[in-house]
Amino acid sequence: MVSWERSESIILFGPPGAGKGTQSGLISEITGKPQVSTGDMLREAVGEQSDVGNEAKAYMEKGLLVPDSIIIELIRRRLQREDASDGLLFDGFPRTIPQAQALEGLTPVSMVLSLNVPDDIIIGRITGRRTDPDTGEIYHIAHRPPPDDVVDRVIQRTDDTEETVRQRLSTFHSQTAPLESYYREKGILVEIDGAGPMGEVSTLVRDAVNRRTEG
Ligand code: ADP
């Protein structure tokens with residue numbers, strides 16, 4: 001038996017580099033809810049040089065948040081697509097209280113999974129992070145090195161330098177972290193220790209999602 005209405009959405013919450021991108025694939029598989037990453041949507045818009053992309057680019061490169069109005073419009077439109085009818089899995093959204101309040105008018109949220117990872121671990125994770133542009137697969141130069149046939153094509157995100165990571169963390173603590181108590185007060189926050197190796201975090205995530213879905 002499911003303990004939430006099928007149309008309810010799930011939020012995967014946590015600082016940059018907490019492993020949201022990695023864990024969202026697993027949660028999407030368990031729940032069947034399509035993953036929506038505002039970071040990926042924005043990077044796509046930047047690549048296409050659309051109006052949204054051109055406006056978002058400077059904020060992203062500095063590690064600052066893109067204005068709420070742009071993000072809320074992206075999400076509003078995404079929720080209108082047919083595959084959103086059973087709810088979505090949000091990764092990297094909402095990131096401010098106004099975004100969370102806007103979401104309430106758009107779709108019900110059943111659970112906020114919060115990955116907790118200390119800042120010092122995050123810096124090491126992000127600066128070593130590399131992505132395969134062909135498959136979207138995420139690697140780490142020390143913890144999960146890309147295989148030989150992929151190593152020559154992996155790329156580093158332009159905002160994954162140490163200086164920008166420190167700014168992104170500071171943005172997270174000042175603007176995004178308050179959402180944790182916001183959702184705790186609503187009784188839907190589930191905290192997960194995200195500091196361990198990927199496999200261990202995946203087990204914790206799987207258990208948490210199954211506990212909620214099996215009710
Ligand atoms: P990370 O979680 O590692 O910071 P993302 O890919 O989620 O990476 O986000 C990259 C950048 O995109 C952020 O630093 C920010 O500039 C912008 N961004 C993504 N999602 C949002 C959002 N919900 N609100 C405002 N800005 C966002």
Side-chain angles (χ1 to χ4, degrees), residues 9-25 27-28 33-84 87-107 109 112-115 117 122-123 125-127 129-139 154-179:
S9 292
I10 298 175
I11 293 168
L12 183 55
F13 180 85
K20 299 190 297 293
T22 307
Q23 300 302 336
S24 60
I27 303 171
S28 194
K33 296 180 194 297
Q35 176 217 355
V36 170
S37 153
T38 40
D40 287 347
M41 290 167 93
L42 291 168
R43 274 185 290 280
E44 206 179 300
V46 169
E48 288 167 354
Q49 299 187 341
S50 66
D51 289 348
V52 164
N54 292 340
E55 187 168 353
K57 191 168 185 236
Y59 295 99
M60 295 173 78
E61 281 174 351
K62 292 195 195 98
L64 302 175
L65 293 184
V66 172
D68 288 338
S69 54
I70 294 185
I71 302 290
I72 292 164
E73 181 58 16
L74 280 179
I75 293 293
R76 194 185 63 75
R77 276 199 244 145
R78 181 64 187 81
L79 276 161
Q80 284 171 349
R81 280 174 42 186
E82 206 176 322
D83 69 346
L88 296 173
L89 168 63
F90 295 111
D91 156 7
F93 170 86
R95 258 159 140 117
T96 63
I97 300 278
Q99 289 181 19
Q101 288 168 337
L103 183 63
E104 266 152 46
L106 296 171
T107 184
V109 173
V112 179
L113 272 173
S114 173
L115 291 177
V117 185
I122 285 173
I123 308 239
R125 280 193 190 173
I126 298 194
T127 52
R129 177 158 77 179
R130 300 290 184 274
T131 310
D132 179 345
D134 291 358
T135 62
E137 197 66 31
I138 302 163
Y139 297 99
V154 293
I155 50 169
Q156 183 173 29
R157 261 170 55 176
T158 51
D159 61 348
D160 275 356
T161 59
E162 182 160 348
E163 190 195 348
T164 312
V165 171
R166 287 191 189 280
Q167 176 57 55
R168 280 156 63 199
L169 277 172
S170 142
T171 303
F172 173 80
H173 289 300
S174 60
Q175 289 176 270
T176 307
L179 283 174

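Each residue takes its place number in the sequence, starting with 1. These figures come from a predicted structure and were not determined experimentally. The figures here come from the full heavy-atom set of this structure, side chains too, leaving out hydrogens, waters and symmetry mates.
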S.K.: Counting C-beta onward and ignoring hydrogens, is there a side-chain heavy-atom pair between Leu88 and Ile10 closer than 4.5 Å?
M.R.: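 Side-chain contact under 4.5 Å: no.
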S.K.: So if I apply the salt bridge (Lys or Arg N to Asp or Glu O under 4.0 Å) rule between Asp160 and each of Arg43, Arg125, Arg168, Arg166, which one comes out positive?
M.R.: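 Of Arg43, Arg125, Arg168, Arg166, salt bridge (Lys or Arg N to Asp or Glu O under 4.0 Å) with Asp160 is met by Arg168 alone.
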S.K.: Check the surroundings of atom CD in Gln80: do more than 12 heavy atoms from other residues, nucleotides or ligands lie under 6.0 Å from it?
M.R.: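 More than 12 within 6.0 Å, yes.
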S.K.: Determine whether Arg129 and Gln156 make a side-chain contact, defined as any pair of heavy atoms from C-beta on separated by less than 4.5 Å.
M.R.: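 They are not in side-chain contact.
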S.K.: Would a distance-only check, ignoring hydrogens and angles, find a side-chain to backbone donor-acceptor pair under 3.5 Å from Thr38 to Gly92?
M.R.: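 Present.
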S.K.: Using modelled atom types only, decide if a donor and an acceptor are shared between the side chain of Lys20 and the backbone of Pro15 within a distance under 3.5 Å.
M.R.: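 Answer holds: yes.
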S.K.: Any side-chain heavy atom of Leu74 within less than 4.5 Å of one from Phe93?
M.R.: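 Answer no - side chains too far apart.
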S.K.: Does Asp159 reach the main-chain N or O of Glu61 with its side chain, forming a donor-acceptor pair under 3.5 Å?
M.R.: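 No, Asp159 side chain to Glu61 backbone: no donor-acceptor pair under 3.5 Å.
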S.K.: Output the distance between atom OG1 (Thr127) and atom CD (Glu162), rounded to the nearest 0.5 Å.
M.R.: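 If I round to the nearest 0.5 Å, the distance is 6.5 Å.
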S.K.: Is it the case that over 12 heavy atoms from other parts of the model lie below 6.0 angstrom from the CG atom of Asp83?
M.R.: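 Yes, CG of Asp83 has more than 12 neighbouring heavy atoms, counting only those of other groups under 6.0 Å.
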S.K.: Taking Thr131 for its side chain and Pro133 for its backbone only, find out whether a donor-acceptor pair lies under 3.5 Å.
M.R.: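 No, Thr131 side chain to Pro133 backbone: no donor-acceptor pair under 3.5 Å.
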S.K.: Counting N and O atoms only, with roles assigned by atom type, does the side chain of Thr164 sit under 3.5 Å from a partner on the main chain of Lys62, one being a donor and the other an acceptor?
M.R.: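 Judged by distance alone, no pair lies under 3.5 Å.
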S.K.: For residues Gln167 and Thr171, is any side-chain donor paired with an opposing acceptor at under 3.5 Å?
M.R.: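 Present: a donor and an acceptor within the cut-off.
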S.K.: Output the distance between atom CG (Leu89) and atom CG (Leu113), rounded to the nearest 0.5 Å.
M.R.: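 Those atoms lie 8.5 Å apart.
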S.K.: Measuring only between side-chain heavy atoms, which start at C-beta, is Leu12 closer than 4.5 Å to Leu115?
M.R.: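 Yes, their side chains come closer than 4.5 Å.
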S.K.: Side-chain contact, heavy-atom cut-off 4.5 Å: Val165 with Pro16?
M.R.: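 No, their side chains stay 4.5 Å or more apart.
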S.K.: Between Gln35 and Ser24, is there a side-chain donor-acceptor contact under 3.5 Å, judged purely by atom types and distance?
M.R.: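 There is such a pair between these side chains.
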S.K.: Determine whether a donor-acceptor pair (N or O, by modelled atom type, separation under 3.5 Å) exists between the side chain of Gln99 and the backbone of Arg95.
M.R.: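 Side chain of Gln99 to backbone of Arg95: a pair is present.
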